[in-house]
*Asks:* 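Got a structure for you, written out below as structure tokens; questions coming shortly.
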There are 2 protein chains.
Amino acid sequence: MALIVQKFGGTSVGTVERIEQVADKVKKFREAGDDLVVVLSAMSGETNRLIELARQISDQPVPRELDVIVSTGEQVTIALLAMALIKRGVPAVSYTGNQVRILTDSAHNKARILQIDDQKIRADLKAGRVVVVAGFQGVDEHGSITTLGRGGSDTTGVALAAALKADECQIYTDVDGVYTTDPRVVSQAQRLDKITFEEMLEMASLGSKVLQIRAVEFAGKYNVPLRVLHSFQEGPGTLITIDEEESMEQPIISGIAFNRDEAKLTIRGVPDTPGVAFGILGPISAANIEVDMIVQNVSHDNTTDFTFTVHRNDYEKAQKVLGETALKLNAREVVGDTKIAKVSIVGVGMRSHAGVASRMFESLAKESINIQMISTSEIKVSVVIEEKYLELAVRALHTAFELDAPSRQGE
Amino acid sequence: MALIVQKFGGTSVGTVERIEQVADKVKKFREAGDDLVVVLSAMSGETNRLIELARQISDQPVPRELDVIVSTGEQVTIALLAMALIKRGVPAVSYTGNQVRILTDSAHNKARILQIDDQKIRADLKAGRVVVVAGFQGVDEHGSITTLGRGGSDTTGVALAAALKADECQIYTDVDGVYTTDPRVVSQAQRLDKITFEEMLEMASLGSKVLQIRAVEFAGKYNVPLRVLHSFQEGPGTLITIDEEESMEQPIISGIAFNRDEAKLTIRGVPDTPGVAFGILGPISAANIEVDMIVQNVSHDNTTDFTFTVHRNDYEKAQKVLGETALKLNAREVVGDTKIAKVSIVGVGMRSHAGVASRMFESLAKESINIQMISTSEIKVSVVIEEKYLELAVRALHTAFELDAPSRQGE
């Protein structure tokens, strides 16, 4: 008898009919003898509706009160699912984040889980109940309701699995697993049976939006086997697990990630003195703008060029901050570009294989795609290219790294 | 500086615009120097929407889970009002029933308040904050969310006022006070400046739906001055308070209450033996049907007739139960009537004035209205009449007991 934590997202509980389907699925697992904790998101669209309501009162809703409002979304779905289970003769009980008690810090709207009390849940499981828990929410030490930020339900699922030492945390979603790349871009993309936490982290943070990045971090940290599955289709999904010893068959590259969410900013002719990187990025960070890739070119004439990428939504804000910095640092100029895309190859196999990066660059060169920025980590190589070449680049790399599905080749 | 508990119902917070208006009102009170605790209902229609959602899963939603769902309605309004106040520069904080902590028993969907923790609220008031509390909800000793049943927000308001020893509990609603009778039936009906708890109880339970009956009971028990006011119109409203010593001017009758929600059931020819009343009403009560008026006629031929009224919604169920009882008790027959109305005259002045009942009967006789049942208490006389005579009866009694507004007489 296994203990499984199952998380269903907003689309999977988007209507009463869907909730009934989830109940059918949970019942089947229960009848197979598994102990089950089910984590739910709000009905799709509901969180946005609630935020919109708050925005009608204030453009900048008070974070504590916003959490009080948006946390009601999951509160509704957990009770509906518990009812649907009980209707099917499956004993069940719902818990809000506060009731579990999922203790978080007090960073409203983006709180972090500090501790989970597993007492109630264990007692319920022992009594044969399915425990349905509200994702995305918790409570701080003052008893105020907190939320974990968008996508936080995945994190709730993984954190519960870790606290309960569950055998597996299953994330049900609207795709049947993690793919080598986006099938909408490359028709030969293949579902991966297995991927490591590290690879998944790179894939997730690079724009394969199957799983929330914090959830993967959490799962890796506590070694919670994570499985991505389709809510309403049968199939093994993709298991995300620790990096087992490499086999001969292991592919060098597991997948190709990409995104078009970023914009590039360059500050040219900055005096190359110690502390200049902080002088440039300090004000950006102070303005609450997250920076992704950072490249500093070698110095010439005692000045250097400094380039970084930010989310496109932050582009104008970052440009303004950088303009002020340029004045202060006596830099030559600030230039920016929003028409960029980032493409990355990801794979733990890279560690033991040389020449992966050059194979990537060669493949892009063949398609006459110019590389604007390069950034590497132990298990990934990312490049920034002109946005219009994105699909071409992804397809070329997918083929070059032998990821195309054999059965579909030549389609 | 007074401590006032203000309760706003669903219509008063039915839209974002209304919530902004309530915030303006609360701000004005705050600026006048009062300490304020504001109790809110859900936006009008929201509770029904949530119940409907639950009903789509199950005709008989699990009571514990239903409470989890419907309690979200107030959770949204309290946070919206807190935001609207903070936007106006009025420090404010919202609390759910659980956060306050409003401890109730575990009778889900109709829980009773056992205890209110006033610690948090007092600290917030001391810090200059307006405290916005979710009405209608609490938490039981197991940490499960409970609701007080329909209209329970009034009860929350009064219970908080009692716990905090507030100077007044103001119930804001869509009428500007308590009237001598329903102005839609009697155009000369007058707003009462003052009414006693007892009278209000009789008025409320008899169908003047301004206040929830449990709230009035609570207010009377803890002697919390209760005031009914219009949410968006100025005016003194009606103060509901203890029975002060009677003055010469005190009217005998304060108001005329009525309802058409009831149906009448009679079981004829029941052997008149000890315990027969329990034999008849026991099964009715076991079927969870509430009985209002009960009349047993004097016995003849060792059998008796037994008549009682129930809510019309329970009529068919009650008829079925009574049919089975009739067989068991060997009664002659069961007859019923749904086309009835109940009219009551209410007033503490009745205590010191003889002949009130006969004046009522005389007035009805003059209009040739036949009385089917009579029931009296210390401060009220109720009669059941044919439904079609209801308006005629109420108008006749309103005039007979000199309740017509002088300024409007002859209109």
Side-chain angles (χ1 to χ4, degrees), chain A residues 15-17 19-20 23 42-43 46 49-50 52-88 91-96 98-101 108 117 119-120 123 132 134 139 142-145, chain B residues 15-17 19-20 23 42-43 46 49-50 52-88 91-96 98-101 108 117 120 123 132 134 139-140 142-145:
Chain A
T15 62
V16 166
E17 292 69 35
I19 291 174
E20 301 268 17
M43 286 174 151
E46 181 65 4
R49 183 186 75 85
L50 292 165
E52 185 39 45
L53 201 57
R55 288 245 166 90
Q56 285 177 41
I57 297 275
S58 167
D59 292 340
Q60 298 278 327
V62 188
R64 180 193 184 276
E65 301 300 338
L66 186 60
D67 278 350
V68 172
I69 292 177
V70 296
S71 63
T72 62
E74 295 78 36
Q75 196 168 322
V76 169
T77 50
I78 55 170
L80 290 176
L81 181 64
M83 283 178 185
L85 286 169
I86 293 167
K87 187 174 73 174
R88 282 165 176 75
V93 63
S94 77
Y95 289 132
T96 63
N98 171 61
Q99 288 176 321
V100 165
R101 175 182 193 227
H108 286 286
D117 187 348
Q119 223 180 332
K120 265 191 189 176
V132 187
V139 64
H142 310 295
S144 291
I145 296 167
Chain B
T15 62
V16 166
E17 293 68 37
I19 291 174
E20 302 268 18
M43 286 174 150
E46 182 64 3
R49 183 186 75 84
L50 292 166
E52 185 42 44
L53 200 56
R55 288 246 165 91
Q56 283 176 42
I57 297 275
S58 166
D59 291 341
Q60 298 280 326
V62 188
R64 179 192 184 277
E65 303 300 338
L66 186 61
D67 279 352
V68 172
I69 292 177
V70 298
S71 63
T72 63
E74 296 79 35
Q75 195 167 323
V76 169
T77 50
I78 55 170
L80 290 175
L81 181 64
M83 283 178 185
L85 287 168
I86 293 167
K87 186 174 74 175
R88 283 164 176 75
V93 64
S94 77
Y95 289 132
T96 63
N98 171 61
Q99 288 175 323
V100 165
R101 178 181 191 228
H108 286 286
D117 187 348
K120 268 191 188 175
V132 187
V139 63
D140 73 4
H142 310 294
S144 291
I145 296 167

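Each chain gets a letter, A, B and so on, in the order the sequences are listed, and its residues count up from 1. Small disclaimer: the values here were computed from a predicted structure and weren't measured.
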*Asks:* Under 4.5 Å, counting heavy-atom pairs only, tell me which of A:Pro61, A:Ser94, A:Ala92, A:Ser144 racks up the most with chain B.
*Replies:*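 Among the listed options, the one with the most contacts to chain B is A:Ser94.
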
*Asks:* Give me the one residue out of A:Val68, A:Val70, A:Leu53 that meets side chain to side chain contact (heavy atoms under 4.5 Å, CB included) with B:Val76.
*Replies:*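 Among the candidates, only A:Leu53 passes.
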
*Asks:* Top residue by heavy-atom pair count (under 4.5 Å) with chain A, among B:Lys120, B:Glu17, B:Arg64, B:Gln60?
*Replies:*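 Of the candidates given, the most pairs with chain A belong to B:Arg64.
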
*Asks:* Which answer fits A:Leu66, side chain, backbone, both or neither, if we ask what part of it has an atom under 4.5 Å from a heavy atom of chain B?
*Replies:*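 Its backbone and side chain both get close to chain B.
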
*Asks:* Could you check A:Gln56 against B:Ile19 for side-chain contact (heavy atoms from CB on, under 4.5 Å), going step by step and ending with a plain yes or no?
*Replies:* CA-CA 11 Å; A:Gln56 285 177 41; B:Ile19 291 174; over 6 Å; no

*Asks:* Measure A:Asn98 against the heavy atoms of chain B and call it side chain, backbone, both or neither at under 4.5 Å.
*Replies:*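 Only the side chain of A:Asn98 comes within 4.5 Å of chain B.
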
*Asks:* Can you tell which part of A:Ile57 gets under 4.5 Å to a heavy atom of chain B, answering side chain, backbone, both or neither?
*Replies:*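 Both backbone and side chain of A:Ile57 come within 4.5 Å of chain B.
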
*Asks:* Who among B:Ala23, B:Gly73, B:Ala79 has the most heavy-atom pairs with chain A under 4.5 Å?
*Replies:*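 That would be B:Ala79.
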
*Asks:* Using non-hydrogen atoms and a 4.5 Å limit, figure out which bit of B:Leu81 sits close to chain A: side chain, backbone, both or neither.
*Replies:*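 It is neither, since no heavy atom gets under 4.5 Å.
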
*Asks:* Applying the side chain to side chain contact (heavy atoms under 4.5 Å, CB included) test to B:Glu65, which of A:Leu80, A:Val132, A:Val93 qualifies?
*Replies:*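 So, applying the side chain to side chain contact (heavy atoms under 4.5 Å, CB included) to B:Glu65 and each of A:Leu80, A:Val132, A:Val93, only A:Val93 qualifies.
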
*Asks:* For A:Gln99, which atoms come within 4.5 Å of any heavy atom of chain B: side chain, backbone, both, or neither?
*Replies:*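 Contact with chain B involves the side chain of A:Gln99 alone.
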
*Asks:* Listed by chain and number, what are the side chain to side chain donor-acceptor pair (under 3.5 Å) partners of A:Glu20, not counting sequence neighbours?
*Replies:*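 A:Glu20 satisfies side chain to side chain donor-acceptor pair (under 3.5 Å) with A:Lys87, A:Arg88 once adjacent residues are dropped.
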
*Asks:* Identify the two heavy atoms, one from B:Met83 and one from A:Val62, that lie closest to each other, and give their separation to 0.1 Å.
*Replies:*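 Nearest heavy atoms, B:Met83 then A:Val62: CE-O, 3.9 Å.
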
*Asks:* Would you say CD of B:Glu52 has more than 12 non-hydrogen atoms from neighbouring residues, nucleotides or ligands within 6.0 angstrom?
*Replies:*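 Yes, CD of B:Glu52 has more than 12 neighbouring heavy atoms, counting only those of other groups under 6.0 Å.
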
*Asks:* For B:Arg49, does the CZ atom sit with more than 12 other heavy atoms under 6.0 Å from it, leaving out its own atoms?
*Replies:*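 Above 12, so yes.
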
